[in-house]
Structures are given as C-alpha cells and as structure tokens.
Amino acid sequence: MTTLASGTDTLTRDALTVLQPGFAGTSAPDWLLRRLGEGLASVGLFGRNIASPGQLASLTAQLRAERDDVLVAIDEEGGDVTRLEVRTGSSFPGNHALGAVDDADLTRQVAFELGRRLAACGVDFNWAPSADVNSNPGNPVIGVRSFGADPDLVARHTAAYVTGLQAAGVAACTKHFPGHGDTAVDSHLALPRIAVDPTVLAERELAPFRAAIAAGSRAVMSAHILVPALDPDRPATLSRRILTDLLRGELGYDGLIVTDGMEMQAIAGTYGIEHGSVLAIAAGADAICVGGGLADDETVRRLRDALVAAVRAGDLPEERLADAAERVRALARWTASAAASASADRGGAHTDIGLVAARRALRRTPAAPFTPLTAAPYVAALTPVANIAVGDETPWGVAAELTRLLPGTETGSFAGEDAGHAALIAAGERRIVAVVRDEHRHPWMTAALDTLLAARPDTVVVEMGVPQAPPRGALHLATHGAARVCGRAAAEIIAGA
C-alpha cells in the first residue's frame, strides 16, 4: 500500500479518509495528489473529468501512482445519468427501460457490461443503482432513474444490477436510502419530505434495499430527505435512527454508508456542509460525498478541519470516525480482490447489450403496422429543463439517429406556451417527429402536442420520459428513457431500419 505522509496524524488521516471529493479538469491537480499522500482515500469523478475512455484510464492511473489503493468513484447510472458518455449519450438504457422489459437476467448483463467498461478505465466504485420506487409520477428528480413503481419489480432488478456490477469487480452503491421515489421536491434544491406511515415505508421504500443487502451491495447511499415516520427531526443523511438503528440494526447492513452530495441544498442550505458532515458521520455514515458542485482543495480542508475539531470538542466520538475510515479501507480491499477475480470474466463482453435492451424496452402504440418514413423529417424536441442529476450537457432525443438513417433531418428545441406554434412554423411541410420527456409533468408540453396534432395528425410522438400521459399521434413510441441507445431504438422504428 502507499506510504502516507509522515507528518499526518491518525485523526487527520481518518478525517481525510472519509471524504469523497471531486475536482475540476481531466487530470489530477497537485492539491488532490498531495491530499492522497496525506490520507485521502477516495476520489469522485463527474462528467467534467472525462473526455474519453483512454483519458479516463490515464487519469485513474495517475491517481493510483500516488496512492495504489485509492477508491475511484463515479456517478454512472447509465441511461439519462451518464458520466462515462456525458458528451454523446449512454450506450445503456437506464433503470426505467430495464424495468419495462422486466428481465432480471438482462438487467444483470447490462450492469455487468457497464461495470466491465468502468473497470477497464480504472473505476472501481459506482454510485448506482437507484433503488427508489417511483411511486410519485410527478417526482422531479427520480423518474426514469427508477426501475418502476412496483416495489417487487424494483427489488428484483436492484438485486440483479448489484450482482452484475459487482461481478465485473466494481462496487455497487445502492441509493437513495431509505427511498427517494415518493418526493415532489428535488433534494438538490430543497429538503423533500415523505409523509407516509411506517408500514408503507417497510413494504414499499425498504423492499429494494433489503434485496440489495441480500445481494451483497458493498455500499448504500443515504438520501437528503425528511421521513417523519422514522425521524421527525433530521433528514436521513443526518439521522442515527435511520442510518444506524434502521439500516445497520433492523436491516443488518454491514457495508459502507456514503452520503449523497453534501453541497446539495437539502443539507447545505439547512445545516451547512461542515456541520452536516459532522452530523452525518455521527449518525452512522462512513463517507462524505462532495464535489459535484464544490470541487476544490478549500472544500476538502474545511471538511477535514470540521471533523477533527468535532472530535477534539467531544461532538464526534473518535471511535466513530475511526470506524468510518476503516469501512472505507475495507471497501478498497474488496475492490482490489474483486478486480483480480473479475478480470478473467471480462473477456466475455456483450458490447451491444445496451442496444438489445433499449430495443426490447420500446413500446409502440398503436401496435398496427406503421409505414416508415422515407423522407427526412423535422424533429421538434419539446424540451423541459433538465434536473441537476441528469445535467444539460448530455444530448438526448432521436434527431442524431434519424439524421444517420434519413440524411437531411432537421431539428429544433422548443419550450413554453408558444412551443407548438413555433414548431409548426419551423417544420414547414416536413413530416414532424415530436419528442417529449415526461409530458404528464409539463402542461405546456401537453398544449404544444395538442397544437401539433390538431394541425398535423400524422405527427409521430416519441416519449422519452416516464410514459404516464395517454399515447397519441400517428405513432407513439415510449422509450422509457432518453439515453442515446433509446433514441436509436426509436429512430429504427420511425425509419424502418
């Protein structure tokens, strides 16, 4: 193992060990390498850090040259939330598409291939899968990131995903405990509240986490949500009742507990990241995720110093911090052994399994024969504001794939109350393909489709979000996600490829 800087005392090393920070750029900055030498044991990667698989492999090699047992984590769910393919769109459909197919072995194969690609780039810890039951169709942040609204379906696919990912040597991190599916607020922006009774929580929210634990999930990520039935005072990330009494005690979980991003407003706007981090470790969390928004050495220093000061002031037991740090090191040991044992299996790659899954997830209405387009259409993307987890830098839709199949395809993005009229003017005489995302959540989108279909009833509609609105149009395709492969599957139907 790497020799740590001799001037770093045990308490400071432990405080650094429990942090999972991010950074800017496609190579490791000097401050990050220095912190690895002082005890930092994990690094989180985001889209801004990745330009290509080769560059990512060089980056992870650079990190491991400084500390050979560093955990390299990433937020790679596949589907709408991709960092590995942030600039092109994912080669894998997301959870909702996999849940729509409902073939657990397919989910396992997709997770294994995704894990294989991560491992090949030197990534050994994935903040996935989402085990949230999307029971609230208006949920602004989960949606297609969930396998679905049925707890049993979500449970079996969560277990399959964990199994597949970890078979590739990459640690799974099942999230967002105790369940973020029944929220109407995005925890990036404010503190959501789930006001249901304990029986509903046990039967609905907790079922997928039980399955993940039984499947051996090496990590669980906490949610920044207030669940009064479990703890009326503190959000799950900061709640001893939820992290220690429920997750560790009742559910018998013994792996790593990592927080969701501490700079999210549900925590940063109510407790602050320093105090919030101290409370999280005291409550039973083992690792502090920070870096999606705050990605500098000053953030690492502030959190390190806050944890050290809390121990010295008696506000955080030193044994709790030491236990958390040891759980981080234990996960690093597991990833090292898992990577060695998985390497022999990686030769059996099924590189197009994502496209296979996307095609199987496609739902077409009506099911009657459709005459494919032969002339280049106009693609009108009715575009909502992307949630922060997804981000707005990843392309989505069907235009790129239709352009490949029908050269000359044109496209435009429309939003707001005049979107339908603007799209009609832009399309001219071309056949229209209207692409929507969660029509049921956006009244302006419904109105725009009304306008398009009234004027042009031969319009093809592609729903790339959660298909809750009634299917309509000459052909309605529900892709159950907006990954690049989902767009390709839809384009193949439209163009008869």
Side-chain angles (χ1 to χ4, degrees), residues 2-25 28-46 49 63 66-67 69-73 125 221-222 224 234-235 237-240 243-244 256-329 331-332:
T2 302
T3 302
L4 299 177
S6 58
T8 310
D9 62 88
T10 300
L11 177 57
T12 302
R13 284 201 304 272
D14 285 349
L16 283 168
T17 296
V18 302
L19 302 180
Q20 293 189 348
F23 62 95
D30 290 342
W31 69 261
L32 183 65
L33 298 175
R34 185 175 67 254
R35 294 302 184 195
L36 288 171
E38 294 170 352
L40 187 70
S42 307
V43 175
L45 301 181
F46 297 86
N49 305 123
L63 296 171
E66 190 63 40
R67 177 166 185 163
D69 62 343
V70 63
L71 282 169
V72 181
F125 184 23
M221 178 177 281
S222 67
H224 302 331
R234 288 185 173 171
T237 294
L238 313 182
S239 171
R240 182 173 179 82
L243 298 188
T244 298
L256 186 83
I257 300 175
V258 60
T259 71
D260 206 344
M262 294 300 284
E263 67 269 53
M264 293 164 63
Q265 286 303 301
I267 299 297
T270 51
Y271 294 86
I273 64 168
E274 293 101 323
H275 185 47
S277 295
V278 170
L279 292 176
I281 297 295
D286 306 305
I288 301 295
C289 176
V290 64
L294 299 173
D296 53 26
D297 189 36
E298 176 64 13
T299 299
V300 173
R301 187 196 61 76
R302 286 166 58 196
L303 296 185
R304 178 203 64 188
D305 291 352
L307 291 168
V308 169
V311 170
R312 290 176 175 162
D315 297 327
L316 174 63
E318 187 169 2
E319 301 77 21
R320 172 76 274 272
L321 181 61
D323 172 64
E326 176 52 33
R327 288 183 187 277
V328 174
R329 298 181 192 114
L331 182 60

* Exercise: identify the closest heavy-atom pair between I288 and A280 -> CD1-CB, 3.9 Å
* To do: Provide the closest heavy-atom pair for G44 versus N49 in the form atom of the first, atom of the second, distance.
  => O-OD1, 4.1 Å
* **Residues in side-chain contact (heavy atoms from CB on, under 4.5 Å) contact with S42, at least two apart in sequence or another chain** => Q20, L71, V328
* To do: Sequence neighbours left out, what pairs pass salt bridge (charged side-chain N to carboxylate O under 4.0 Å, His left out) with at least one residue falling in residues 14-24?
  => D14-R329
* **R35 side chain reached by D297 side chain, heavy atoms, under 4.5 Å** => yes
* Looking only at heavy atoms, what is the nearest atom pair of P21 and V300, with distance? -> CB-CG2, 3.6 Å
* What distance separates F23 CZ from L294 CG, expressed to the nearest 0.5 Å? -> 15.5 Å
* Over all atoms of both residues, closest heavy-atom pair of A324 and V18 -> CB-CG1, 3.8 Å
* **OG1 on T237 to NE2 on H224, rounded to 0.5 Å** => 4.5 Å
* Return the minimal non-hydrogen interatomic distance between L256 and A287, and the atom names on each side. => CD2-CB, 4.4 Å
* Under the ring pair (Phe, Tyr, Trp, His ring centres under 6.0 Å) rule, collect the residues that match up with F46, sequence neighbours excluded. => W127
Using distance only, find each side-chain donor-acceptor pair of residues 303-319 under 3.5 Å and give its atom names and separation, not counting sequence neighbours.
residue	atom	partner	partner atom	Å
D305	OD2	R301	NH1	2.9

* Structure fact -> Rounding to 0.5 Å, atoms CG (L32) and CG (L36) come to a distance of 5.0 Å
* Check the pair T299, E263 against side-chain contact (heavy atoms from CB on, under 4.5 Å), reporting the backbone distance first and the verdict last. => CA-CA 10 Å; T299 299; E263 67 269 53; over 6 Å; no
* Identify, with sequence neighbours excluded, every residue that meets side chain to side chain donor-acceptor pair (under 3.5 Å) alongside T10. => R13
* What distance do L16 atom CG and L11 atom CG have between them, rounded to the nearest 0.5 Å? -> 10.0 Å
* **Main-chain N/O of L40 paired to R67 side chain as donor or acceptor, under 3.5 Å** => yes
* **Closest heavy-atom pair and its distance - A15, L321** => N-CD2, 4.1 Å
* To do: Please confirm whether the backbone N or O of C289 pairs with a side-chain atom of T259, one donor and one acceptor, at under 3.5 Å?
  => yes
* Going from CD on E298 to CH2 on W31, what distance comes out if it is rounded to the nearest 0.5 angstrom? -> 11.0 Å
* Asked: Does S239 reach the main-chain N or O of R234 with its side chain, forming a donor-acceptor pair under 3.5 Å?
  -> no
* Can you list every pair that meets side-chain hydrogen bond (donor to acceptor under 3.5 Å, both in side chains) and has a residue in residues 274-295, with sequence neighbours left out? -> R248-D286, E274-R302, D286-R320
* To do: Kindly indicate, with the supporting measurements, whether the criterion side-chain contact (heavy atoms from CB on, under 4.5 Å) is fulfilled by I267 and D260.
  => CA-CA 10 Å; I267 299 297; D260 206 344; over 6 Å; no
* Asked: Are the side chain of T244 and the backbone N or O of A283 linked by a donor-acceptor pair below 3.5 Å?
  -> yes
